[in-house]
There are 2 protein chains.
Amino acid sequence: MLQAERHCDGAGLRLTPVRRRTLEILLESHVALGAYDVLERLRIDGLGSKPPIAYRALGFLVEHGFVHRIEKLNAFVACDHPGEVHDPAFMICTDCGLVGECQAPAARSGLSRRARESGFRIASTVVEATGLCAMCAEAKE
Amino acid sequence: MLQAERHCDGAGLRLTPVRRRTLEILLESHVALGAYDVLERLRIDGLGSKPPIAYRALGFLVEHGFVHRIEKLNAFVACDHPGEVHDPAFMICTDCGLVGECQAPAARSGLSRRARESGFRIASTVVEATGLCAMCAEAKE
DNA sequence: AGGCAGTCGTTATATCGTAACATCGCTGCA
DNA sequence: TGCAGCGATGTTACGATATAACGACTGCCT
Ligand SMILES: [Zn+2]
Ligand SMILES: [Zn+2]
Ligand SMILES: [Zn+2]
Ligand SMILES: [Zn+2]
């Protein structure tokens, strides 16, 4: 949160109440939240109740790297390393919903070679693994 | 198409008219099609007009590896290598919509190391790159 | 003051996806 | 033959996700 504030100050970005609270909501959650989950919490706090409110705040946070969108879940998680340039990959537990972020340069470089071969120019990548987290895997034994 | 037929015969799977036509529709398309795009074509052919028809056929085809779902687009493409066990990755052109499939063992192995470190057990992966295909990149020069 | 850009608030609608239940046709078996 | 069981299909109805479009407000610059 502090990192986000500093980054916004430094980059001339406006971390408005809605955006700030949206980021807090995601930081407080252990699991990915859908836009409507976020919206419901914003509504409770009196910060808006219509979809565009949530989608705009999430769009801002994603655009500036404070939040990632999980395509597989149509949901959002706070970034582990906000501010840094990175190429995230995610591990999504199908049992408990936990979403872990890690860096996946290997994934991208693997793709990169294929891309170069075919002349494709990568702008961004989505890398998401689905499975069981350590805790849930152990619980299943 | 022939491969799909043979694979279904061999595995005791029923490639019914709706499923068969759905696969044909995707094979004929250069770009990923949404479920409702597929449905519209099925409707024209008199094979069904309600969403579950398309979703069920697509579900069958995805489950048996004849078709892949592109999470980033909420859309579907026919597999390049049906029948074979593989770990697909996709390159999605933002200009022309072309979706290329390639194999990405590197992507998965990069993730795998991280997964092992954290005890996460991968069941499946999504690897999708967005950018410009060779043709569109050249056209932009 | 007037113009401009960015944000917010709202309405309405588009797009994507599924639960639930009825029905139909086949297969195996009494 | 008659019928249970099963997978596939057809249909209704709804839920979930996402965006277009427009107006109002605010701070800032000229
Ligand atoms: Zn991150
Ligand atoms: Zn778990
Ligand atoms: Zn494939
Ligand atoms: Zn292209």
Side-chain angles (χ1 to χ4, degrees), chain A residues 4 8-9 11-23 25-26 31-64 66-77 92 94 97 126 128, chain B residues 4-5 8-9 11-23 25-26 29 31-64 66-77 92 94 97 126 128:
Chain A
C8 283
D9 281 356
L13 301 173
R14 296 173 53 188
L15 192 60
T16 63
V18 179
R19 292 168 177 177
R20 180 193 192 78
R21 182 68 192 126
T22 299
L23 180 53
I25 288 167
L26 290 175
V31 305
L33 295 179
Y36 282 75
D37 297 328
V38 170
L39 180 57
E40 169 62 11
R41 287 165 171 76
L42 288 175
R43 193 188 58 72
I44 290 169
D45 295 348
L47 286 170
S49 61
K50 306 296 166 52
I53 298 290
Y55 280 102
R56 285 198 285 236
L58 289 166
F60 170 88
L61 294 169
V62 167
E63 184 179 353
H64 295 98
F66 303 123
V67 162
H68 299 293
R69 177 182 169 85
I70 309 297
E71 296 295 339
K72 181 110 184 175
L73 301 177
N74 293 340
F76 301 83
V77 292
I92 305 162
T94 48
V126 173
E128 297 169 3
Chain B
E5 281 178 30
C8 283
D9 281 356
L13 301 173
R14 296 174 53 188
L15 192 60
T16 63
V18 179
R19 293 169 177 177
R20 181 193 193 79
R21 182 70 191 122
T22 299
L23 180 53
I25 287 166
L26 290 174
S29 172
V31 305
L33 295 178
Y36 282 74
D37 297 329
V38 171
L39 179 57
E40 169 62 11
R41 288 165 171 75
L42 288 175
R43 192 189 59 71
I44 290 170
D45 294 349
L47 287 169
S49 61
K50 306 296 166 50
I53 298 290
Y55 280 102
R56 286 197 284 235
L58 289 166
F60 170 87
L61 294 169
V62 167
E63 184 179 354
H64 296 98
F66 303 122
V67 163
H68 299 294
R69 176 181 170 84
I70 309 297
E71 296 295 339
K72 182 112 183 172
L73 301 176
N74 292 342
F76 301 83
V77 292
I92 305 162
T94 48
V126 173
E128 297 169 2

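In this structure, A/D45 places its CG atom 17 Å from C1' of C/dG9, rounding to the nearest Å. Atom pair A/E71:CD and D/dT17:P shows a separation of 14 Å (rounding to whole Å applied). Atoms CG (B/L42) and C1' (D/dG10) sit 13 Å apart, rounded to a whole Å. Spacing between atom NZ of B/K72 and atom P of D/dT17 amounts to 18 Å, rounded to whole angstrom units. Summarising the geometry, the separation between CG on B/L39 and P on C/dT15 is reported as 14 Å, rounded to the nearest angstrom. What separates CD1 of B/I53 from P of C/dC24 is a distance of 14 Å, to the nearest Å. Computed from coordinates, the A/R43 CZ to C/dT10 P distance equals 13 Å when rounded to whole Å. At whole-Å resolution of the value, CG in B/L47 and P in D/dT11 are 12 Å apart.
Within 4.0 Å of B/L58, counting heavy atoms only, lies no atom of the nucleic acid at all.
Residue pairs meeting the ring-ring contact (aromatic ring centres under 6.0 Å, His included) criterion with at least one partner in residues 43-62 of chain A, sequence neighbours excluded, are A/F60-A/H64.
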Identify each donor-acceptor pair in which a side-chain atom of residues 44-51 of chain B lies under 3.5 Å from a protein atom, sequence neighbours left out, and give them as a table.
residue	atom	partner	partner atom	Å
B/D45	OD2	B/R21	NE	2.4
B/D45	OD2	B/R21	NH2	3.3

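By the ring-ring contact (aromatic ring centres under 6.0 Å, His included) test, A/F66 pairs with A/H7, sequence neighbours left out. Among residues two or more places apart in sequence or in another chain, the salt bridge (Lys or Arg N to Asp or Glu O under 4.0 Å) test is passed with B/R43 by B/E40. In this view, A/R20 and A/E5, A/E24 satisfy the salt bridge (Lys or Arg N to Asp or Glu O under 4.0 Å) rule, not counting sequence neighbours. Partners of B/N74 by side chain to side chain donor-acceptor pair (under 3.5 Å), not counting sequence neighbours, listed by chain and number: B/R69. In this structure A/D37 satisfies the side chain to side chain donor-acceptor pair (under 3.5 Å) test with no other residue, sequence neighbours excluded.
The structure places CG of B/L58 at 11.5 Å from CZ of B/R19, a figure rounded to the nearest 0.5 Å.
Considering every non-hydrogen atom in both B/E71 and A/K72, the closest pair reads OE1-CA, 3.8 Å.
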Please list each protein N or O that sits under 3.5 Å from an N or O in nucleotides 4-8 of chain D, with the distance.
residue	atom	partner	partner atom	Å
D/dA8	OP1	B/R19	NH1	3.2
D/dA8	OP1	B/R19	NH2	3.3
D/dA8	O5'	B/R19	NH2	3.3

Which atom pairs link the protein and nucleotides 16-20 of chain C when you take only N or O atoms and keep those under 3.5 Å?
residue	atom	partner	partner atom	Å
C/dG17	OP1	B/R69	NH1	3.0
C/dG17	OP1	B/R69	NH2	2.3
C/dG17	OP2	B/Y55	OH	3.0
C/dG17	O5'	B/Y55	OH	3.3
C/dG17	N7	B/Y36	OH	2.7
C/dG17	O6	B/Y36	OH	3.3

